[in-house]
Colleague: 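The structure's right below; bear with me while I get my questions together.
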Amino acid sequence: MTKIIFLILKISIVLGILIASAYAGRLLAKKLDKSVWLYTLLGLFTGPIGLIFIIILTKLPEKFSGLFISFSVFLLITLLFTQTTILSGLEWGAIDFRFYLRDPSQASVKLEEGVRMNKINPRARKDIIIIGIDESTIREFSDQGIQWPFPWQIHAKVTNYLATGAPQAILYDIMFLDKKKGEQELADSLKKLNVGFLDYPFETKEVDVAYNDIEERIKLLNSVRFPIAPSDKSPQLVEEVTPPTPDLIKASKGLGFANVFPGRDGINRTVPLVIKYDGWYYPNIDLIVVMNYYGISASDVEIKMGRYIKLKNLPAEKMARPNDKREILIPIDRKGFMDVNFIGGSGSFQHYPYYLFANDGTMEGNTSVKDKILLIAAYSATGIATDEKKSPYGATFGIEHHANALNTILNQDFLYKLTDLQNLAIMLVIALFLGFLVPKLSIAASLILTSIFTILYAVLSYLLFDMSSIITAMSTPLIQTALTYSMLVTYRVVNEQQEKKYIRQTFSKFVSKSVVDELLRDPSKIKLGGDKKILSVLFSDIRGFTSISEKLTPEELVEHLNIYLQGMTDIVIKTDGTLDKYIGDAIMAFWGAPIEMEDHALKACRASLEMMEALKDMNHKWEKEGKPVLDIGIGINTGDMVVGNMGSSSRMDYTLMGDNVNLGSRLEGTNKFYGTHIIISEFTYQYVKDDVIVRELDLIRVKGKALPVKIYELIGIK
């Protein structure tokens, strides 16, 4: 009951934190003017960590955001990869997939009833042969009235017959644990021929009832064992051991355990070459057979748990890859497990039915088993207790696991797994690569790049496995790549939506729809902060506005002014201009930003003339209605101006500044001295002189200019 209450309390606390984070995300979104639903979901599913991440992201300069996102994904993947087992199953599956791609499909083919053709795997050693107790053997002996488990006299007969063929070793993967009829015959056969190897099991739990002679068995077993290094603090995986009968131990040439420890997914990818038990390392039967093959003793074996098992003083002629030191380093993990380099599915090794060798004759003159390692075990899924175990290629027989382990060691074709640190270094490079490149490319281009990179990494991982037996992390980097790309693109899309929202809110009120659409297609045309450009600015102001305001009520004045401002603004927007601001009854507009245009000066002149025509129509209407008419002055200047978003963090305006802006304002006020309506500067005139009709007015001296500025009255368009 206490455990249930404690569990409910923990769940309640976690839910409370997530709900509070969701609410905090909502508040944060409103403060930053971001997507409320996105920030709420972020807080709900990621908690405070996700909110901290997004706060840092919003504070970073845009050029660092991609690297920050990719590095954050890298840290998350690092945590999952090294501190949890969440990704382990995927990595195991990726290893199995590489095995599967390499599988040359060597399953035997049935030619006719009772006849099958074996396709031997080219990776399989020719001196490893399985003598399988298969279905044909079961049927053959059944016809003779012999049922499984076979009498031990049968095994003695097979041993005697095979030994005449001069094999290197005969390994019985059959547990001879109980004393049975025929034990003496088998013991005599093993002792006489001196090629027999037996295996036994370690128990992971205590045995309820031990054999009466267990102490003698263990004493005999201890003849081959290795001292434990003082630095080895790894846990002991087994509790008890059950060796074969004493007579068989004495008669055998070698003895080793046969345990396997599948992964959490039930698939066996490794073999323990040594097991820690009772203060010693005990050897696997495969290691014992290998030692016999090379003719070395326990003194020629060096064990470094977590690093290697070194076989020393080997005959160079027997080594698959000879070296000057005449040594083989077998890579093992901290528990003494070696990764088995499986060569294929069931049937990859040469195999013969067991019953063919249950003869009283001799194999003299027959060299089919000469100097071969013969493995005898169950090789059938029916008729006997099956000994199937899962491998990267699916279900295979237990004896085939021994064959693959022996093949791996004798061929010196070991699998080399990159360490966590090496894999993390690869993933860090991926993070930097994606974080740097993806933000610089379009979504389509970055998708193509990421897809190509993903394919190349997967192909490279397979080639390293196939050609060099190197296993890199595969699933995790691919997940990292997909997650990083998704995060970067999501951030970009959300950012672009916010940017488009800002563009619409900021520009739709004072530029034409075509200009807004162009900005939405290419937001880079808006540079945050100031940007120096050659632009044309227009100022207009109502003359005598004070006297007009005295003739109208406040409501009438506002209505009168709004009609005027609306008409003038429509002309600015129609000519692709940007309405900067209203300054009381004055209007400030400019051309050439945010969309660049070569004819900005001409468009400004054309707009001013249209404004005068529109005002004439308004005055004609107002005269009929008995309302005050308006008179305006317009000044236009062209030159270098600073344009951009200016203001504070709480309020910004897209506006102009600079001496040339001030000159445009002064030109508007100069109209009253010359009795004109539109004055343009010589700088504007230089851009439009071939398209407009003007009257030269004067030279005026203005602040910020060393020389007088020539001014013109704009009369019309040619």
Side-chain angles (χ1 to χ4, degrees), residues 509-511 535-552 554 556-591 600-638 655-656 660-681 684-685 688 692-695 697-698 700 702 709 711-717:
K509 298 175 183 177
F510 47 82
V511 297
L535 307 172
S536 293
V537 64
L538 177 152
F539 283 89
S540 74
D541 193 17
I542 298 175
R543 297 173 183 172
F545 180 73
T546 303
S547 60
I548 294 173
S549 64
E550 292 174 350
K551 298 176 184 179
L552 300 171
E556 291 172 335
L557 178 62
V558 170
E559 181 184 0
H560 203 58
L561 187 59
N562 282 346
I563 294 172
Y564 160 75
L565 293 175
Q566 183 64 57
M568 300 301 105
T569 301
D570 289 345
I571 293 170
V572 170
I573 292 175
K574 185 181 73 172
T575 55
D576 296 329
T578 299
L579 178 66
D580 189 309
K581 61 175 70 71
Y582 300 121
I583 310 170
D585 60 302
I587 296 173
M588 175 181 173
F590 56 89
W591 284 257
H600 51 83
L602 182 59
K603 286 187 174 182
C605 292
R606 193 184 303 278
S608 65
L609 292 169
E610 291 186 18
M611 290 167 77
M612 294 306 302
E613 286 297 320
L615 181 61
K616 186 185 296 184
D617 293 338
M618 291 180 193
N619 284 335
H620 182 69
K621 178 183 177 184
W622 286 332
E623 278 182 332
K624 289 182 179 181
E625 296 173 352
K627 296 179 180 179
V629 296
L630 302 179
D631 189 19
I632 63 173
I634 299 174
I636 300 174
N637 184 40
T638 301
T655 187
L656 301 177
N660 283 312
V661 179
N662 298 334
L663 176 56
S665 177
R666 291 192 181 100
L667 293 180
E668 179 275 317
T670 305
N671 279 289
K672 59 186 175 184
F673 296 110
Y674 295 95
T676 57
H677 288 97
I678 306 173
I679 292 179
I680 65 174
S681 69
T684 301
Y685 180 68
V688 299
V692 300
I693 302 170
V694 298
R695 179 170 67 93
L697 292 177
D698 203 349
I700 63 172
V702 295
V709 176
I711 59 174
Y712 301 83
E713 178 187 11
L714 179 62
I715 297 173
I717 302 292

Colleague: Taking everything shown except K581 itself, do over 12 heavy atoms lie less than 6.0 Å from its NZ?
Modeller: yes
Colleague: Using the side-chain contact (heavy atoms from CB on, under 4.5 Å) rule, pick out the option among I679, I693, T676, V692 that qualifies with L714.
Modeller: V692
Colleague: If I take atom CZ from residue R606 and atom CE from residue M611, how far apart are they, to the nearest 0.5 angstrom?
Modeller: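 Atom-to-atom, R606:CZ and M611:CE are 15.0 Å apart.
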Colleague: Rounded to the nearest 0.5 Å, what separation is found between the CH2 atom of W591 and the OG1 atom of T578?
Modeller: 8.5 Å
Colleague: Go through E623 and N619 one step at a time and tell me if the side-chain hydrogen bond (donor to acceptor under 3.5 Å, both in side chains) criterion holds.
Modeller: CA-CA 6 Å; E623 278 182 332; N619 284 335; over 6 Å; no
Colleague: Report the C-alpha distance between I700 and R666 in whole Å, list the side-chain angles of each, state the deciding distance to 0.1 Å, and finish with yes or no for side chain to side chain contact (heavy atoms under 4.5 Å, CB included).
Modeller: CA-CA 10 Å; I700 63 172; R666 291 192 181 100; over 6 Å; no
Colleague: Report the C-alpha distance between D576 and H600 in whole Å, list the side-chain angles of each, state the deciding distance to 0.1 Å, and finish with yes or no for side-chain hydrogen bond (donor to acceptor under 3.5 Å, both in side chains).
Modeller: CA-CA 9 Å; D576 296 329; H600 51 83; over 6 Å; no
Colleague: Looking only at heavy atoms, what is the nearest atom pair of G635 and N671, with distance?
Modeller: N-ND2, 4.4 Å
Colleague: Using the rule given for side chain to side chain contact (heavy atoms under 4.5 Å, CB included), can you reason through D580 versus F539, listing the C-alpha separation, both sets of side-chain angles and the distance that settles it, and then say yes or no?
Modeller: CA-CA 10 Å; D580 189 309; F539 283 89; over 6 Å; no
Colleague: Could you check I632, I634, L538 and say which one makes a side-chain contact (heavy atoms from CB on, under 4.5 Å) with I678?
Modeller: I634
Colleague: Of all the heavy-atom pairs spanning T638 and A601, show the shortest one and how long it is.
Modeller: OG1-CB, 3.8 Å
Colleague: Please give me the minimum heavy-atom distance between I636 and T684, naming the atom from each residue.
Modeller: O-OG1, 3.6 Å
Colleague: For L609 versus I715, what's the shortest heavy-atom pair and its separation?
Modeller: CD2-O, 3.6 Å
Colleague: At what distance, to the nearest 0.5 angstrom, does CD1 of I711 lie from CZ of F673?
Modeller: 10.5 Å
Colleague: Using 0.5 Å steps for rounding, measure from the CD1 atom of I542 to the OH atom of Y564.
Modeller: 5.0 Å
Colleague: Without swapping roles, check the side chain of N637 against the backbone of N660 for a donor-acceptor pair under 3.5 Å.
Modeller: yes
Colleague: When rounded to the nearest 0.5 angstrom, what distance separates CZ in R543 from CD in E668?
Modeller: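 CD of E668 is found 8.0 Å from CZ of R543.
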Colleague: Taking side chain as C-beta onward, heavy atoms only, is T655 less than 4.5 Å from V661?
Modeller: no
Colleague: Looking only at non-hydrogen atoms, find the nearest pair between T569 and L579 and report the distance.
Modeller: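 Taking T569 first and L579 second, the nearest heavy atoms are CG2-CD2, 3.7 Å.
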Colleague: When you compare the side chain of Y712 with that of V688, does any pair of heavy atoms fall below 4.5 Å?
Modeller: no
Colleague: If I compare all heavy atoms of E610 with all of I571, which pair ends up nearest, and what's the gap?
Modeller: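 Smallest interatomic distance, heavy atoms only, reads O-CD1, 3.4 Å.
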Colleague: Measure the CG-NZ distance between D617 and K621 for me, rounded to the nearest 0.5 Å.
Modeller: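 Result: 10.5 Å between the selected atoms.
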Colleague: Quick one: list whatever passes side chain to side chain contact (heavy atoms under 4.5 Å, CB included) with K627, sequence neighbours left out.
Modeller: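 With sequence neighbours excluded, K627 shows a side chain to side chain contact (heavy atoms under 4.5 Å, CB included) to H560, W622, E625, given in chain and number order.
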